[in-house]
**Student:** 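Below you will find the structure I want to go over with you.
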Amino acid sequence: MDKKVKVRFAPSPSGDLHVGNIRTALFDWAYARHTGGTFLFRIEDTDRSRVTDEYIAAAIDTLKWLGLTWDEGPEVGGANGPYLQSQRLDIYADWARKFIDQGDAYFCYCTPDELEARREAQRAANEAPGYDGKCRDLSPQEIKDYKEQGREAVVRMRMPAGETTFHDEIRGDVTFDHKFVPDFVLVRGDGSPLYTLAVAVDDVMMGVTHILRGEDLLSSTPRQIRVYQAMGLAKADYPLFAHLPFVMGQDNTKLSKRNGEVSIDWYRKAGYLPEAICNYLALLGWAPGDDRENITMKELTELFTIEKVNSSPARFDMKKLDAINGDKIRALTLDEFLAWTLPFMTNAGVISGSDQEIALVRSALPIIQERIVTLGEIPQMLKFLFVKKFQVEEESIPKINDGAAKEVLKRTLADLSPLQEWSHSEIEAVLRKSLIEEMGLKPRIAFGAVRIAVTGSTISPPLFESMELLGKTLCIERIESAISL
RNA sequence: GGCCCCGUCGUCUAGCGGCCUAGGACUCUGGCUUCUCAAGCCAGCUACGAGGGUUCGAAUCCCUUCGGGGCUACCA
């Protein structure tokens, strides 16, 4: 019981890691860190037709980006490696052989077509479909005949009559009657292992103490336990199970590409901060217990316990993620904010990355920090400071094209031209006096026209600060060209 | 169909027999502030799936029912 906690995250990357995967990874990580245990990262690539090296590399990259660092696994190594199942084939083969020798498993010569036909018949007869045990006790002659027919054999685990009860840390005791857990395949006809074998073998051999994983694996747990038995593991040494509730899409079905963005990489490219993603995901199926919702990674590791994990599924809500991301962005220091911003500015082609440009971005950041939800919005917002050939956006041109607006712009030009000190407070003071007091205009009207002329849009960062950043020359230039539109 | 899991505001949740005429957050609506957009502040709408029990007392315990989801592969 005082065994040191070891938690594993073991995805099968058949695509980019998605929101659900990462929620699981986050809980695994948080629990390991909370208990001072080990976080193990393993790649389940027993089906190499679905898992590619690119996906594996992407999974590693995503986890690193999120800050979910692991103590054992790819790249960092560890005493229980390798951590790619495709590199552990001999281990699984040895265990499969042992299971057959012990009589726990047997060769099954049924072809997929035969199996499917029999399942169909079972369904038609309203019986539970599943392996019927045909090859459980073949005679040597039958085996010989099958071999002569050139049939491939899979290795199948024998499920004895009875039932399996295990304690789920989130759901309590769960019992499965073996009538509904048919003999299952451990090794394919081509000799490659299946998840059913590899997952149990690895968890045992790698010393995993807690299995926190998706609820979809709940019903495969009896099979896993069956393998533990065959491995000779004492019941007291079984890992503890905790099946996490699903993260679902808006339409109440399992989250997928069809009902919202699911790829973590998409969120990364859109300008969500890893800490925001983790904070939001942590709130899906877990709550700290008090009314706190904005929590740091450090607080998460301090507060996270399995007892506080919910048993019911949660819907993924991008609106709330947006809100949290905005909060996290506002909490950034200027230097942090700048570091996050620069790649977005250069990737968007708004800046090339010169020191001068970076300095300008830096001085502009404070006035947009509270105005954005994602980093991806920044280029559009600061573009007016960098564009080579400035243009007023099409739909705003009419608003500065009438007589009244022209008057405002002419007056602005006249009052600003002689200005010596080009500061936002000075600009504001001058314009308020002339446009608002002397011309008697509403601020909204007067400054709106100037805004369009200078930034090209009806929506912009605060006007006077923007003008200061733009510089006097460019401001005058833009106002002049607006007047002659 | 069978087996298993789940069921509090639109969404995420707090709640583990009396503190609940059910609290917080996001969304939404209205207002304040205001140079646009935001941010911020204030206010408001909206929930214990249903029916039976147990109990002095139930969102909290039990049963039934309805609803949702998962599994039912030589995927994981």
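As the structure is a computational prediction, the values presented were derived from the model and not from experiment. First the proteins, then the strands, lettered A, B, ... as listed; each starts at 1.
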**Student:** How are the rings of A/Tyr131 and A/Tyr106 set relative to one another: parallel (under 30°), tilted (30 to 60°) or perpendicular (over 60°)?
**Tutor:**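 Correct class here is tilted.
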**Student:** A/Arg136: what forms a salt bridge (charged side-chain N to carboxylate O under 4.0 Å, His left out) with it, not counting sequence neighbours?
**Tutor:**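 Expected list: A/Asp183.
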**Student:** What's the NZ-P distance between A/Lys179 and B/G2, to the nearest Å?
**Tutor:**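 Value for this atom pair: 14 Å.
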**Student:** Among B/G24, B/C5, B/A76, which nucleotide has an atom closest to any side-chain atom of A/Leu217?
**Tutor:**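 Shortest atom-to-atom distance from the side chain points to B/A76.
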**Student:** Detail all sub-3.5 Å separations between protein N/O atoms and N/O atoms belonging to nucleotides 36-42 of chain B.
**Tutor:**
unit_1	atom_1	unit_2	atom_2	d
B/U36	O2'	A/Thr458	O	2.9
B/U36	N1	A/Arg451	NH2	3.3
B/U36	O2	A/Ser460	N	2.8
B/U36	O2	A/Ser460	O	2.9
B/U36	N3	A/Arg451	NH1	3.3
B/U36	N3	A/Ser460	O	2.6
B/U36	O4	A/Arg371	NH2	3.3
B/U36	O4	A/Pro462	N	3.3
B/C37	O2	A/Arg371	NE	2.8
B/C37	N3	A/Arg371	NE	3.0
B/C37	N3	A/Arg371	NH2	2.6
B/C37	N4	A/Arg371	NH2	2.9
B/A38	O2'	A/Glu370	O	2.7
B/A38	N1	A/Glu370	OE2	3.1
B/A38	N3	A/Glu370	OE2	3.3
B/A39	O4'	A/Glu370	O	3.3

**Student:** A/Phe464 near the nucleic acid: base, sugar-phosphate alone, or nothing, with a heavy-atom cut-off under 4.0 Å?
**Tutor:**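 Base, at least one base heavy atom under 4.0 Å.
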**Student:** For a quick check of understanding: with a heavy-atom distance under 4.0 Å over all strands, which category does A/Val154 fall into, base, sugar-phosphate or nothing?
**Tutor:**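 Since a base atom lies under 4.0 Å of A/Val154, the category is base.
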**Student:** Between A/Glu437 and A/Arg432, does any NZ, NE, NH1 or NH2 come within less than 4.0 Å of an OD or OE carboxylate oxygen?
**Tutor:**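 Result for this pair is no, no salt bridge flagged.
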**Student:** Side chain of A/Lys319 only, please: which of B/C74, B/C26, B/A76 is the nearest?
**Tutor:**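 From the listed options, B/C26 comes nearest.
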**Student:** Partner of B/A43 by Watson-Crick or G-U wobble geometry, both contacts under 3.5 Å, or none?
**Tutor:**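 By the stated definition (distances under 3.5 Å), B/U29 pairs with B/A43.
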**Student:** Without decimals, in angstroms, what is the distance between A/Leu197 CG and B/C75 P?
**Tutor:**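 Checked: the CG to P distance equals 13 Å.
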**Student:** What is the separation between atom CG on A/Asn325 and atom C1' on B/A25, rounded to the nearest whole Å?
**Tutor:**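 Distance, rounded to whole Å: 16 Å.
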